[in-house]
There are 2 protein chains.
Amino acid sequence: MTETRVERKERTRRAILDAALHLCEDSSLVALSLRQVAKEVGIVPTAFYRHFESIEALGLALVDESFVSLRAMLRDVRRGEGAAGGFADIVDSSVSILVEHVHQQRQHFRFIARERAAGPPSVREAIRHEIELCERELATDLARLPGTEEWSSDDLRVLSNLIVTAMVATAEAILINARRPDVEKQLAENARTQLRMVLIGALQWRSKP
Amino acid sequence: MTETRVERKERTRRAILDAALHLCEDSSLVALSLRQVAKEVGIVPTAFYRHFESIEALGLALVDESFVSLRAMLRDVRRGEGAAGGFADIVDSSVSILVEHVHQQRQHFRFIARERAAGPPSVREAIRHEIELCERELATDLARLPGTEEWSSDDLRVLSNLIVTAMVATAEAILINARRPDVEKQLAENARTQLRMVLIGALQWRSKP
DNA sequence: TGCTTCGGTGAACGACTGTGCACTATCAGG
DNA sequence: CCTGATAGTGCACAGTCGTTCACCGAAGCA
């Protein structure tokens, strides 16, 4: 025997997650049927229930998994910030890392981008919550940057929200234009310009007392 | 007789559009069935075909209709800009108009926000195209603002994209928090702050030669 | 007035949906 | 080694789905 029982179960679970991720590439979770997933995995429909209570539960598992990818990206971005010299370097490396991760975890980013707006309510809620956490983290990062010493925490959150929104939009645009390296290069350059514009504005900003 | 034949037909068509819009409030077009719509309207499923070739065609019609609402908003924004005094006034009035229109045309904005990411490919494409047109228009508006005389057209587009992205995100957030006036007020204030930050950055910006 | 056009009807089809239940085969632990 | 747990099977059920077809009745034009 080469596999223990829990290993086999985990393998099937993974196969289900992968199948769902694959089927979600050009549709949404709400238009996904249990039977499609089962057929893709190569199991009988009822066996699905051995692993997930419903498609919605599957979706929540995919949210968790996808945000592992996203957080890995944020870790890389932070490491880049530590190594980089000035603002320009931070912007350049951060966008490069974004582009790279979107490529490597295309399915996860696509899933988040789509289900954020279209998934079952609980999935939407979960994604919204995770993104809010990311914004909060970014806000504390921004607080450490020179020039933001006197900012109110509200303003930090607002700036953080703007940056996250712009980067999410960039990721979506990259996903739409996958397999078009020229367009993608332009999108990355645009994202860098946007970040620079925002940071220039931020450096001039003074919070109201 | 109170109604001519074309009037009756148009009335049914409207009823179908309204029913679809209503059913799309908490689901997506791809999870919408022809029979649901027909039942909601009060006609037999096959009668649907007298008005639309498919659900997808219905979606494209809804895109057209929704962007009529959105363009009406942009017209109001431009009128506000003409009347307003300085940058601060423009920002304040623009965001107010956004909030107001999102309320008045809740279903249309919700539809765009959702199907933009989750709709059938042709619907996504149509929405993407319309938003791009809006960005283009905003770019020409920005070109008329004092301080952007020396900007490259690329930079104008990039700034326009950033602003549109931020405003779309604001509209989505308002839709999520509908019926919570306190949250909504905060969101509007955040949007104003973001616009001010961006404009401050833009005023300092100099395009590369 | 008579004929045509056409929005809407109703039955029928084959395919697909989620879910329940009884079953089997196999691995893990006593 | 035997026994209980359990991942996966197979069948069945009642719905819903999109689409077809022949048909109806009233509006509109001649």
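Keep in mind that what you see is a predicted model, and the values were worked out from it rather than measured. In what follows, every heavy atom counts, from backbone to side chain, and hydrogens, waters and symmetry copies are set aside. Convention: sequence-line order gives letters A, B, ...; per-chain numbering from 1.
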Review point. Do A:Arg192 and A:Ser96 get their side chains close enough for a donor-acceptor pair, meaning under 3.5 Å?
Key: yes
Check your understanding: Can you tell me how far CG of A:Leu98 sits from NE2 of A:His103, rounded to the nearest 0.5 angstrom?
Key -> 11.0 Å
Can you give each donor-acceptor pair under 3.5 Å made by side-chain atoms of residues 15-28 of chain B, sequence neighbours left out, with the distance rounded to 0.1 Å?
unit_1	atom_1	unit_2	atom_2	d
B:Asp18	OD1	B:Arg14	NH2	2.9
B:His22	ND1	B:Glu40	OE2	2.8
B:Glu25	OE2	B:Gln107	NE2	2.6
B:Ser28	OG	B:Val30	N	3.3
B:Ser28	OG	B:Glu115	OE1	3.2

Check your understanding: Between C:dG8, D:dG28, C:dC23, which nucleotide has the shortest distance from any of its atoms to the side chain of B:Arg50?
Key -> C:dG8
Point to revise | Nearest-nucleotide comparison on DNA chain C, the residue closer to the 5′ end among A:Arg8 and B:His51 | key: B:His51
Review point. Considering the terminal five base pairs at each end of the helix from C:dT1-D:dA30 to C:dT26-D:dA5, what angle separates the two local helix axes, rounded to 10°?
Key: 10°
Practice item. Step through the shown structure and confirm whether more than 12 heavy atoms of other residues, nucleotides or ligands are within 6.0 Å of CZ on A:Arg8. Key: no
Exercise for review: For the residue pair A:Leu145 and A:Phe87, establish whether any side-chain heavy-atom pair is separated by less than 4.5 Å.
Suggested key: yes
Check your understanding: Heavy atom of residues 19-47 of chain B under 4.0 Å from DNA chain D: which residues?
Key -> B:Ser33, B:Leu34, B:Arg35, B:Gln36, B:Thr46
Point to revise | CZ (A:Arg180) with more than 12 external heavy atoms under 6.0 Å | key: no
Point to revise | A:Asp76 and A:Arg79 ion-paired at < 4.0 Å | key: yes
Review point. A:Glu7 has an atom CD; how far is it from atom P of D:dT6, in whole Å?
Key: 18 Å
Review point. Does B:Arg5 make a side-chain donor-acceptor contact with the base of C:dT5, cut-off 3.5 Å?
Key: yes
Exercise for review: Would you mind telling me which of B:Arg106, B:Arg110, B:Arg116 makes a salt bridge (charged side-chain N to carboxylate O under 4.0 Å, His left out) with B:Glu172?
Suggested key: B:Arg116
